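Worksheet for the structure shown next.
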Amino acid sequence: MTRSPNPVLDAVLTRRSAPRLTEPAPNPADLERLVQAAATAPDHGRLRPWRLVVVSGDERARLGDAFGEAADTPEQTRRAAAKPLRAPLLLTIVHRPVPNLKVPEWEQLAATTGMVTTLSLLLHCQGFASIWRTGVAIEAPQVHKYLGVDDDEQLLGWLYVGTRYASDAADRRPFDTPARITWHTTGI
């Protein structure tokens, strides 16, 4: 793909989810700066109906233990326990709707996902990679307890963060843009 003179457009066109991640991941100061920037994503009423729980180092194995406790079979337990070890840094995405008469909960959920999308683009711009992962663990009481997710919050998954393996770089196939756009206009 040819680079344009617009770095934002380039970032959007070149970002890819990275299923395999390695060190390094952003340090705490860099991550805080990126989250500060991601918090500027569209958010009606500036409610910021989200929070992030950072899991790194040995805590990834402890989160894996909570994943394993929620599994049904020994094989599922083993596989679930290894999942948080796929990346050096996991950002737990917690949606926490704010009671508000003007901003419905669905719109607050959109604001939360907009922040996560913006954060993944910012990470990409800084040379990191990420993938948003979910699964049955987002509903598991053991996982909620470990992470401190309250009853009035919703666990949306984890943004796995690190550095992409060089061998995993892949181009995105173009899609049929005209099939996704309906025009209701005159004069075009």
Side-chain angles (χ1 to χ4, degrees), residues 4 6-18 25-56 59 63 66-67 70 84 87 89-126 128-161 172 175-188:
S4 77
N6 184 333
V8 175
L9 181 60
D10 286 342
V12 171
L13 290 172
T14 60
R15 192 216 60 83
R16 306 285 180 276
S17 293
N27 65 43
D30 289 338
L31 181 61
E32 286 181 18
R33 188 172 127 261
L34 294 172
V35 170
Q36 182 74 34
T40 67
D43 180 356
H44 184 189
R46 288 181 260 156
L47 299 175
R48 297 199 174 99
W50 51 267
R51 68 185 179 95
L52 300 174
V53 179
V54 180
V55 181
S56 63
E59 290 300 316
L63 177 59
F67 280 15
L89 178 71
L90 282 74
L91 302 177
T92 309
I93 306 158
V94 181
H95 175 58
R96 53 186 320 185
V98 177
N100 188 292
L101 295 175
K102 288 181 69 176
V103 185
E105 191 171 326
W106 71 263
E107 193 172 342
Q108 294 184 45
L109 180 60
T112 299
T113 59
M115 181 281 300
V116 176
T117 300
T118 302
L119 181 57
S120 73
L121 283 168
L122 291 165
L123 286 161
H124 173 66
C125 288
Q126 295 298 306
F128 299 106
S130 63
I131 186 169
W132 191 338
R133 293 189 181 274
T134 60
V136 296
I138 65 170
E139 300 292 337
Q142 304 90 329
V143 174
H144 283 225
K145 182 178 178 184
Y146 169 76
L147 294 167
V149 175
D150 296 330
D151 290 340
D152 59 342
E153 297 178 318
Q154 182 181 3
L155 179 54
L156 299 181
W158 294 267
L159 196 62
Y160 284 53
V161 180
R172 182 176 289 160
F175 75 101
D176 185 11
T177 306
R180 302 288 181 182
I181 300 173
T182 302
W183 296 89
H184 287 266
T185 186
T186 57
I188 294 183

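Small disclaimer: the values here were computed from a predicted structure and weren't measured.
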Stepwise side-chain contact (heavy atoms from CB on, under 4.5 Å) test for Met115 and Leu52: CA-CA 11 Å; Met115 181 281 300; Leu52 300 174; 4.1 Å; yes
Should Leu123 and Leu159 be marked as a side-chain contact (heavy atoms from CB on, under 4.5 Å) after you check the CA-CA gap, both sets of side-chain angles, and the distance that decides it? CA-CA 11 Å; Leu123 286 161; Leu159 196 62; 4.0 Å; yes
Would you sort out whether Val116 and Leu91 count as a side-chain contact (heavy atoms from CB on, under 4.5 Å), showing the intermediate values? CA-CA 10 Å; Val116 176; Leu91 302 177; over 6 Å; no
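The only member of Arg48, Arg96, His95, Arg51 that meets side-chain hydrogen bond (donor to acceptor under 3.5 Å, both in side chains) when paired with Thr112 is His95. No option in Val161, Thr92, Leu89, Val35 other than Leu89 meets the side-chain contact (heavy atoms from CB on, under 4.5 Å) test with Val54.
For the atom pair Arg15 CZ and Ser130 OG, the distance stands at 6.0 Å (nearest 0.5 Å). With values rounded to the nearest 0.5 angstrom, Leu156 atom CG is found 6.0 Å from Leu109 atom CG. Note that CD of Gln36 is 11.5 Å distant from CG of Leu31, once rounded to the nearest 0.5 Å. Between atom CD1 of residue Ile138 and atom CH2 of residue Trp158 there is a gap of 7.0 Å, rounded to the nearest 0.5 Å. Taken from CD in Gln126 to CG in Asp30, the straight-line distance is 7.0 Å, to the nearest 0.5 Å. Here CG of Leu119 is found 8.5 Å from CD1 of Ile93. Values are rounded to the nearest 0.5 Å.
Distance alone, capped at 3.5 Å, is enough to place a donor-acceptor pair between the Glu153 side chain and the Asp150 backbone. A side-chain donor-acceptor contact under 3.5 Å links Asn27 to the backbone of Ala29. In this structure, the side chain of Arg16 engages the main chain of Thr14 through a donor-acceptor pair within 3.5 Å.
Counting only heavy atoms from C-beta outward, the side chains of Pro26 and Phe128 approach each other to under 4.5 Å. In this structure the side chain of Asp43 reaches within 4.5 angstrom of the side chain of Pro49, judged on heavy atoms. For the pair Val98/Gln108, a side-chain contact is recorded, criterion being any heavy-atom separation below 4.5 Å from C-beta on.
Shortest non-hydrogen contact noted between Gly157 and Trp132 is CA-NE1, 4.0 Å. The two residues Leu121 and Ala11 come nearest to each other via the heavy atoms CD2-O, 3.7 Å.
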